[in-house]
Amino acid sequence: MSQLPEDASAAQVDWEGLHEAAVEVMRRAYVPYSHYPVGVAGLTDDGRVVRGCNVENAAYGVALCAECGMVSDLVAGGGGLLVAVWCVDARGSTIMPCGRCRQLLWEHGGAECLLQTPQGVLRMDAVLPQAFGPEDLAAVAEAPRTP
């Protein structure tokens, strides 16, 4: 996969390659409790493909979603922005990220990040409208405090 220009469109993404990467990493998921493996692959703004799979834990609430692993791969690999993402289940079928993971995708891809969804490719600002992000924190940090 090659680097996408700033005005990237869904047509410029190797979606089949992302799907294959997501399916391959899904097979490595650690899911002894739910038996629901998830894989995700993302294309970065410098052309890398980052991946993640879900990792469960006997203390159910501390399980890691696949998107958490992908974002860790992104950051550990030098950072950058996600420009396209695809999440799959055990059948290789497209699934939507949970709410927490949509927030992660927003944080690391922004409004223009493309997400393959069961309804087709959508930008993150359609998937998570009126999202809260780093710019909201910066706006408050720079504003005068009211008494």
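Side chain of N57 to main chain of Y60: no donor-acceptor pair is present (N/O by atom type, distance under 3.5 Å, no hydrogens or angles).
Rounding to the nearest 0.5 Å gives a distance of 10.5 Å between CD of Q12 and CG of L43. The CG atom of L137 sits 11.0 Å away from the CD atom of E142 when rounded to the nearest 0.5 Å. To the nearest 0.5 Å, the span separating CG on L114 from CZ on R123 amounts to 8.0 Å. The CZ atom of R27 sits 12.5 Å away from atom SG of C53, with the distance rounded to the nearest 0.5 Å. Taking CG of D73 as the start and SG of C68 as the end, the distance is 13.0 Å to the nearest 0.5 Å. To the nearest 0.5 Å, atom CD of residue E56 and atom OH of residue Y30 are 8.5 Å apart.
Shown here for F132 and Q103, the closest heavy-atom pair between the two residues is O-NE2, 2.6 Å. The shortest heavy-atom contact between C65 and C98 is SG-SG, 4.0 Å.
Note: the hydrophobic cluster containing M124 also contains L122 (ILVMFWY, side chain heavy atoms under 4.5 Å, direct or indirect links). Linking Ile, Leu, Val, Met, Phe, Trp and Tyr whenever their side-chain heavy atoms come within less than 4.5 Å puts V121 and V49 in one cluster.
Looking at V23 and M26, their side chains come closer than 4.5 Å, going by heavy atoms from C-beta outward. Counting only heavy atoms from C-beta outward, the side chains of R102 and M96 approach each other to under 4.5 Å. Counting heavy atoms from C-beta outward, P97 and L104 have side chains that stay 4.5 Å or more apart. Taking 4.5 Å as the limit, some side-chain heavy atom of E24 sits within range of a side-chain heavy atom of R51. Counting heavy atoms from C-beta outward, W106 and L128 have side chains that approach closer than 4.5 Å. Side-chain contact between L105 and M70: present, with at least one pair of heavy atoms (C-beta onward) separated by less than 4.5 Å.
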Would you mind writing out the side-chain donor-acceptor pairs for residues 74-95 within the sub-3.5 Å range, not counting sequence neighbours?
from: W86; atom 1: NE1; to: T94; atom 2: OG1; distance (Å): 2.8
from: D89; atom 1: OD1; to: R91; atom 2: N; distance (Å): 2.9
from: D89; atom 1: OD1; to: G92; atom 2: N; distance (Å): 3.3
from: D89; atom 1: OD1; to: S93; atom 2: N; distance (Å): 3.0
from: D89; atom 1: OD2; to: R91; atom 2: NE; distance (Å): 3.2
from: D89; atom 1: OD2; to: R91; atom 2: NH2; distance (Å): 2.5

One pair to check against side-chain contact (heavy atoms from CB on, under 4.5 Å): L64 and N54. What are the steps and the verdict? CA-CA 6 Å; L64 298 174; N54 54 330; over 6 Å; no
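With a 6.0 Å radius and a threshold of 12 heavy atoms from other residues, nucleotides or ligands, Q119 has its CD atom at or below the threshold.
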